S.K.: 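Before I ask anything, let me first share the structure, which is written out below as structure tokens.
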Protein chains: 2
Amino acid sequence: MKQDTETKLNIIQAASKVFIERGMDGARMQDIADLAGINKALLHYYYNSKEELYRLVATREIKQAFAELLAVIPEEQDFRDWIRSFIHNYLQVITKNPQVTRFMLWEISQGGNGISAIIREFINRKDSGRMSVFETIRKAMSGPGVRQVDPIHFFMSLIGMCVYPFLARPILENVMGIDMGTEEFVREREEAVYEMVLYGMEVRNAL
Amino acid sequence: MKQDTETKLNIIQAASKVFIERGMDGARMQDIADLAGINKALLHYYYNSKEELYRLVATREIKQAFAELLAVIPEEQDFRDWIRSFIHNYLQVITKNPQVTRFMLWEISQGGNGISAIIREFINRKDSGRMSVFETIRKAMSGPGVRQVDPIHFFMSLIGMCVYPFLARPILENVMGIDMGTEEFVREREEAVYEMVLYGMEVRNAL
DNA sequence: GCATAGTTTAACCAAATAGTTAAGACATCA
DNA sequence: TGATGTCTTAACTATTTGGTTAAACTATGC
């Protein structure tokens, strides 16, 4: 007997890729089997239904994504340090697996597969984690020389600036001719977001 | 003979709604017929295949979306006015039809249906439009008291801040318990983005 | 060797869904 | 009035795809 766990992991990985790329409706069990290098019979030997496999994979991916995103929220007390770290870490996570975000935003809007519930469950279970986001923001904001703004809007803006370019990557690349595949772009982006968040567009008066 | 054009328009509108909500793979021809208040036979009487109808609808929606977004790019010469108008207009367009963006980002990543080509074609045809975006940004930036930043990154940041909350709306609403349906939220958001873009987070030194 | 679990093969079934057909109803206009 | 184009009904076909089955092959450990 070979390692069934190996095959199972194999299947999960193949299913992850296919589901994330094409979504629940667009995914084909045959494609998953092919990508895993096995046949449909064995696929169903391990996982009874598409629905089951999807739930498993979606849960796994969402948990991992949120866990990663919460894990990289920095602890720095100084606001500038905190911002810098956050942007850097966040861009790292996104560029490592750029498709997961798009997948999540799409599938959650489809509703039917309880993705919302999966996320809520995870968030609630790790409630400390969510709390700490806004708590950390508020704490970091409390330093000197920082404007007090609504943490929620601040959070939205920050995430939006980091995430959006990679969501819209096909448009920006294919249509507007921007090459986003390079490390240089990510560095540039990090700098641009950092400066925007800190200084905005107005020239600041010299002391 | 009744107005066949009326029925055709009816079909297009129903198809738009269903395709935008569920995507190409998730959409059902029966659902489109039902929503249009007709039967499948008549649906195929006017449009031969799902593929054809999808292409038609997708093209239409994408063109309209881009046209609207280009149309609301303001002409103001003063940077602060320009920014304020842009954010306001952009949020208006998004809130009027929040699903189109998500649909486009998803479908373009699927690639298979030439959506990329549709967008590129539109952008190239209206090339003046695209040019004017960055030209307008550059021009508005040239006013006094404004930092010179890469227009592309600036653009990404601006769009990201406006669009992201509505893309992630299900997560923010269902999971984090934020109510985004109110006009108040949109106003708040407008103000938050404006201030972030202009001032960033640092307290500015008094003159 | 032989029991057992993992795996393949290939054919198959069942359900969902895209697409078709034919007959006729109904209105409009020449 | 009757030709024409719009529309309905309802049954039908074709295709795709999820899911099943049974038989046999393979490797491993006892």
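These values consider heavy atoms only, across backbone and side chains, with no hydrogens, waters or symmetry-generated copies. To find a chain, count down the sequence lines: A is the first, B the second, and so on, and within it residues start at 1. This is a predicted model, so every value here is computed, not measured.
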S.K.: Look at the side chain of B:L42 and decide which nucleotide, out of C:dG6, C:dT8, D:dC7, has an atom nearest to it.
M.R.: D:dC7
S.K.: Distance check needed: D:dT9 C1' versus B:D34 CG, whole Å only.
M.R.: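 Rounded to the whole Å, the gap is 14 Å.
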S.K.: Quick check for you: among D:dG18, D:dT9, C:dA18, whose closest atom lies nearest to any side-chain atom of B:H44?
M.R.: C:dA18
S.K.: Mapping A:M29 and A:A41 onto DNA chain D by nearest heavy atom, which one lands closer to the 5' end?
M.R.: A:M29
S.K.: Check whether any side-chain nitrogen or oxygen of A:T7 sits under 4.0 Å from OP1 or OP2 of C:dG6, and answer yes or no.
M.R.: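 It does not, given that no N or O in the side chain of A:T7 lies less than 4.0 Å from OP1 or OP2 of C:dG6.
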S.K.: Return no unless some side-chain N or O of B:R28 is found under 4.0 Å from OP1 or OP2 of C:dA18.
M.R.: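 Checking C:dA18 against B:R28, a side-chain N or O does come within under 4.0 Å of OP1 or OP2.
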S.K.: Would you call A:R84 and A:E191 a salt bridge, taking side-chain N to carboxylate O under 4.0 Å as the test?
M.R.: yes
S.K.: In whole angstrom, give the distance that lies between atom CD of A:E51 and atom C1' of D:dT17.
M.R.: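 After rounding, the gap between these two atoms is 15 Å.
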S.K.: NA contact type, B:L43, heavy-atom cut-off 4.0 Å: base, sugar-phosphate, or nothing?
M.R.: nothing
S.K.: I need the CG-P distance between A:N48 and D:dT21, as an integer number of Å.
M.R.: 11 Å
S.K.: Can a donor-acceptor pair under 3.5 Å be found between the side-chain atoms of B:K50 and the base atoms of C:dG19?
M.R.: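 Donor-acceptor pair under 3.5 Å: no.
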S.K.: Report the relative orientation of the aromatic rings in B:F19 and B:Y54; use parallel for angles under 30°, tilted for 30 to 60°, perpendicular for over 60°.
M.R.: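 B:F19 and B:Y54: perpendicular rings.
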S.K.: Is any side-chain N of the basic residue among A:R138 and A:E135 closer than 4.0 Å to the acidic one's carboxylate O?
M.R.: yes
S.K.: Please give, in whole Å, the distance from D:dT6 C1' to B:N10 CG?
M.R.: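 These atoms are roughly 14 Å apart.
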S.K.: Are more than 12 heavy atoms from other residues, nucleotides or ligands located less than 6.0 Å from atom CD of B:E52?
M.R.: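 Above 12, so yes.
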S.K.: Whole angstroms only, please: what is the CD1-C1' distance between A:I11 and C:dG6?
M.R.: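 Atom CD1 in A:I11 sits about 11 Å away from atom C1' in C:dG6.
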S.K.: For A:R55 and D:dG18, what is the distance between atoms CZ and C1' respectively, to the nearest whole Å?
M.R.: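 Result: 19 Å.
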S.K.: What is the separation between atom OH on A:Y54 and atom P on D:dT17, rounded to the nearest whole Å?
M.R.: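 Rounded to whole Å, this separation is 18 Å.
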S.K.: Under 3.5 Å, is there a donor-acceptor pair between the A:R189 and A:T95 side chains?
M.R.: no
S.K.: Answer with base, sugar-phosphate or nothing: what part of the nucleic acid does B:A33 contact at a heavy-atom distance below 4.0 Å?
M.R.: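 Here B:A33 touches no strand at all.
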S.K.: Using the side-chain heavy atoms of B:Y46, tell me which of these nucleotides is nearest: D:dG19, D:dC7, C:dT9.
M.R.: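 Given the options D:dG19, D:dC7, C:dT9, the side chain of B:Y46 is closest to D:dC7.
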S.K.: Between C:dC26 atom C1' and B:N39 atom CG, what is the distance in whole Å?
M.R.: 15 Å
S.K.: Looking at the side chain of A:K40, which of C:dT7, D:dG18, C:dG19 is the nearest nucleotide?
M.R.: D:dG18
S.K.: Which sits closer to the 5' end of DNA chain C, B:A27 or A:Y45, going by the nucleotide each is nearest to?
M.R.: A:Y45
